**Student:** 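Quick one: the structure is below, and I'll ask about it shortly.
What you are looking at is a predicted structure, and each value in this text was computed from that prediction instead of being measured. Order of the sequence lines sets the chain letters (A, B, ...), proteins ahead of strands, with each chain counted from 1.
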Amino acid sequence: MRERLLDVYRRLLAFYGPQHWWPAGDDPFVVVVGAILTQSAAWKNVESALARLREDRLLSFDALLRAPDEELERAVRPSGYFRMKARKLRAFAAMLAERFDGRLERLFALPVGEMRAALLATYGIGPETADDIILYAARKPAFVVDAYTRRIFDRLGIPPGVDTYDGWRSLFTDALPQETALFNEYHALIVRHAKVKCRKEPLCPGCPLLDICPTGQSRLAASAASQVDRRASRA
DNA sequence: GTCCAGGGCCTAC
DNA sequence: GTAGGCCATGGA
């Protein structure tokens with residue numbers, strides 16, 4: 001499995017190049033806020049919400065704690081689900097204040113398993129957002145599984161042991177070397193690939209995974225066959 | 001007008 | 001334990 005997963009990774013990296021997701025140097029607190037705001041939202045809308053939060057000087061845990069509901073909601077509005085997301089941001093800030101003296105580095109100093117448990121116990125942080133935060137903000141190895149990951153690997157005929165979030169996650173974490181940089185780039189490449197080629201209505205011609213993808217091959221075979229049919233019926 | 005985007009919570013069965 | 005509804009804006 002390790003070689004299959006690395007093969008997919010190498011193909012995607014060669015085709016799309018590095019994605020530069022949340023590079024080192026980005027403020028980890030902003031990365032956490034972005035991870036929450038991006039839940040079921042387009043990244044462009046998240047950027048506009050982050051810009052408003054920055055303008056309103058709300059990008060700190062104590063500002064998130066103190067800001068009136070309306071102010072916080074107005075700032076995060078562009079990212080959608082704005083009432084829920086304002087509540088989630090405040091819940092994260094409250095957790096940080098209560099358990100870690102408001103210091104992100106204390107949360108991030110925990111062993112990954114404990115950090116993940118603390119995040120999952122926080123309102124609004126589910127498994128994907130928790131792994132997002134561990135990987136891109138704390139910069140420790142956690143593989144982020146999203147709907148794109150499931151779709152792409154399902155089409156590749158690479159199923160998880162169990163069809164749950166943790167089942168999908170261990171498909172990767174059990175087989176791959178535990179390297180933050182690898183997990184970071186792999187997830188970003190999966191998202192890119194899902195947007196460019198492996199969409200709900202996939203664009204298989206020219207796909208870098210085509211020769212290892214049974215779904216893509218059968219699609220192309222079917223479309224080639226239907227072209228032959230059309231030519232035959234015209235003749 | 002319809003669909004979807006870097007999910008998670010809550011309720012009902 | 002899980003299927004289904006709900007949360008909501010902005011761009012294609």
**Student:** Check the distance between B/dG7's P and A/Ile133's CD1 and give it to me in whole angstrom.
**Tutor:** 13 Å
**Student:** Using the ring of each side chain (for Trp, its six-membered ring), is A/Phe143 parallel, tilted or perpendicular to A/Phe183, with breaks at 30° and 60°?
**Tutor:** perpendicular
**Student:** Strictly below 4.0 Å, N to O, side chains only: are A/Arg66 and A/Glu71 in salt-bridge contact?
**Tutor:** no
**Student:** Flag as yes if A/Tyr148 stacks onto the base of B/dG6 (centroids under 5.5 Å, planes under 30°), otherwise no.
**Tutor:** no
**Student:** Side chain of A/Asn45 only, please: which of C/dT9, B/dG6, B/dG7 is the nearest?
**Tutor:** C/dT9
**Student:** Quick test of your reading of the model: are A/Asp146 and A/Arg151 salt-bridged, counting only N-O distances below 4.0 Å?
**Tutor:** no
**Student:** For the C1' atoms, the ones on B/dG6 and on C/dG5, what distance do you get once it is rounded to whole angstrom?
**Tutor:** 23 Å
**Student:** Quick check on B/dC9: is either OP1 or OP2 less than 4.0 Å from any side-chain nitrogen or oxygen of A/Tyr123?
**Tutor:** no
**Student:** What distance do A/Lys140 atom NZ and A/Leu135 atom CG have between them, rounded to the nearest 0.5 Å?
**Tutor:** 12.5 Å
**Student:** In whole Å, I'd like the distance from the CD1 atom of A/Ile36 to the P atom of B/dC9.
**Tutor:** 11 Å
**Student:** Find the distance A/Lys85:NZ to C/dC6:C1' and express it as a whole number of Å.
**Tutor:** 14 Å
**Student:** B/dG8 P sits how many Å from A/Lys88 NZ, rounded?
**Tutor:** 7 Å
**Student:** In this structure, how many angstroms lie between the C1' atom of B/dC4 and the CZ atom of A/Arg151, rounded?
**Tutor:** 10 Å
**Student:** Decide yes or no for A/Val144 and A/Glu128: does some side-chain heavy atom of the first lie under 4.5 Å from some side-chain heavy atom of the second?
**Tutor:** yes
**Student:** Is any side-chain nitrogen or oxygen of A/Thr129 closer than 4.0 Å to OP1 or OP2 of B/dG8?
**Tutor:** yes
**Student:** For B/dG6, take OP1 and OP2 only and decide whether either is under 4.0 Å from a side-chain N or O of A/Lys195.
**Tutor:** yes
**Student:** How far, in whole Å, is C/dA8 from B/dT11 if one measures between their P atoms?
**Tutor:** 16 Å
**Student:** Roughly, in whole Å, what's the span from CZ in A/Arg169 to C1' in B/dG7?
**Tutor:** 16 Å
**Student:** Please measure how far the P atom in B/dC9 lies from the corresponding atom in C/dG10, and state the result in whole Å.
**Tutor:** 24 Å
**Student:** Using whole Å, report how far OH of A/Tyr81 lies from P of B/dC4.
**Tutor:** 13 Å
**Student:** Taking the minimum atom-to-atom distance to the side chain of A/Glu128, which one of B/dA5, C/dG10, B/dG6 wins?
**Tutor:** B/dG6
**Student:** Could you tell me whether A/Gly80 contacts a base, only the sugar-phosphate backbone, or nothing, with contacts defined as non-hydrogen atoms closer than 4.0 Å?
**Tutor:** base
**Student:** Grab the NZ-C1' distance between A/Lys44 and C/dT9 for me, whole Å please.
**Tutor:** 14 Å
**Student:** So, OP1 or OP2 of C/dA8: does either fall under 4.0 Å of a side-chain N or O from A/Arg77?
**Tutor:** no
**Student:** If you find the nucleotide of DNA chain B closest to A/Met84 and the one closest to A/Tyr136, which residue's nucleotide is nearer the 5' end?
**Tutor:** A/Tyr136
